[in-house]
Amino acid sequence: MPRAVTALDRIAAAVEGTTAALTRLRRARLLHPLGRSFAGEVTVWGRPGPPTGVPLIDRPGRYRATVRLSKGVPTPGGWPDVLGLAVRVHLDAGHPFDLLVSSAGSPPVLRHLPLPRRRFAGTYSTIMSYRAGRRRLFLAALADPESVDLGSSLADVAAAARADAPRLVLAVASAAGPWRPFGQVSVGPQLSAREDARLAFDPIGNLPPGLRAAGPLAWLREHTYRASQRTRGATPERASVSPAARSR
């Protein structure tokens with residue numbers, strides 16, 4: 001017997017229909033359409049103190065990465081915008097971890113909110129929370145004071161990547177605790193516009209073992225990203241393990 005259609009199913013269909021229509025109108029990504037993509041590398045130092053239960057965060061390692069910096073609306077030039085950073089970590093197990101963070105405040109009360117700013121260096125937060133066992137975690141990319149400056153425009157970002165290897169510090173926090181660095185992401189050579197257009201991230205399905213997305217924002221992201229990517233003909237690289245396996 002077919003499963004009965006629920007009110008949540010109808011809401012999901014409405015969200016995906018609206019997202020698809022807006023994506024067709026924009027003829028590009030609905031969210032963060034203007035960006036630059038780069039080859040990169042993620043280095044994990046490991047977490048000092050009590051482990052999070054997520055091996056990727058707790059254990060030292062080095063991984064190939066794909067990095068995209070973007071503007072959300074986008075506004076002209078160096079005008080304030082909700083800036084985005086997407087990092088695809090190519091894990092040794094053969095599946096990716098897609099970390100998507102947006103410009104936000106650093107204090108606990110502001111790390112839940114996307115905040116416009118002018119410059120690409122600064123705090124980026126996942127906005128939505130994750131669960132690691134019973135713990136609620138947020139992930140972030142923070143400015144590295146020893147890195148070359150990323151500037152205030154995408155052209156500045158590309159110039160910084162040509163001149164050096166800009167870096168951002170990766171950090172983890174509880175809902176109310178301070179950010180605790182556990183690694184860094186470095187930005188390398190720029191990818192072509194065609195490669196940038198083909199990129200499709202899955203921040204809900206592509207998670208490392210021990211970490212799962214939680215809350216209503218995760219549900220909304222799942223449906224909006226899926227509809228936008230399907231409409232523009234982009235297919236995200238998928239993890240090779242099930243969500244149930246990732247949560248163990």
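All residue numbers refer to positions in the sequence shown, counting from 1. Just so we're clear, the structure is a prediction, and the values are computed from it rather than from any experiment.
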Under the rule for salt bridge (Lys or Arg N to Asp or Glu O under 4.0 Å), what residues qualify as partners of Arg62, not counting sequence neighbours? Glu41
Taking only residues two or more places apart in sequence, or in another chain, which ones meet Ser70 in a side chain to side chain donor-acceptor pair (under 3.5 Å)? His32
By side chain to side chain contact (heavy atoms under 4.5 Å, CB included) - contacts of Ser153 (at least two apart): Ala155, Asp156
Who pairs with Arg88 by salt bridge (Lys or Arg N to Asp or Glu O under 4.0 Å), at least two apart in sequence or on another chain? Asp98, Glu237
Could you tell me which residues satisfy side chain to side chain donor-acceptor pair (under 3.5 Å) with Ser147, sequence neighbours excluded, listed by chain and number? none
Donor-acceptor contacts under 3.5 Å from residues 135-146 side chains, at least two apart:
residue, atom, partner, partner atom, Å
Arg135, NH1, Pro51, O, 3.1
Arg136, NE, Ser129, OG, 3.3
Asp144, OD1, Glu146, N, 2.9
Asp144, OD2, Arg167, NE, 3.2

Checking Arg36 now: which residues fulfil side chain to side chain donor-acceptor pair (under 3.5 Å) with it, not counting sequence neighbours? none
Test of understanding: with side chain to side chain contact (heavy atoms under 4.5 Å, CB included), list the residues that count as partners of Arg194, not counting sequence neighbours. Ser192, Arg198
Pairwise distance OG1(Thr75) to CG(Leu34) - rounded to 0.5 angstrom: 9.0 Å
Is it the case that one hydrophobic cluster holds both Phe38 and Leu150, taking links as side-chain heavy atoms less than 4.5 Å apart, direct or via other members? yes
Would you confirm whether Ser37, through its side chain, and Asp196, through its main-chain N or O, come within 3.5 Å as a donor-acceptor pair? no
Within one Ile-Leu-Val-Met-Phe-Trp-Tyr cluster: Leu56 and Leu85, side-chain cutoff 4.5 Å: yes
Do we see a donor-acceptor contact under 3.5 Å between the side chains of His90 and Thr66? yes
Residues passing the side chain to side chain donor-acceptor pair (under 3.5 Å) test with Ser186, sequence neighbours excluded, are none
Considering only Ile, Leu, Val, Met, Phe, Trp and Tyr, and joining two whenever side-chain heavy atoms are under 4.5 Å apart, list the other residues clustered with Val109. Leu110, Leu113, Leu115
Can you list everything that forms a side chain to side chain contact (heavy atoms under 4.5 Å, CB included) with Asp164? Sequence neighbours excluded, please. Val148
Backbone N or O of Ser106 within a donor-acceptor pair of the Trp179 side chain at under 3.5 Å? yes
Taking side chain to side chain contact (heavy atoms under 4.5 Å, CB included) as the test, write out the residues that go with Pro80, two or more places apart. Pro116, Arg118
Val169 vs Trp45, side chain to side chain contact (heavy atoms under 4.5 Å, CB included): CA-CA, chis, key distance, verdict: CA-CA 11 Å; Val169 175; Trp45 310 319; 4.3 Å; yes
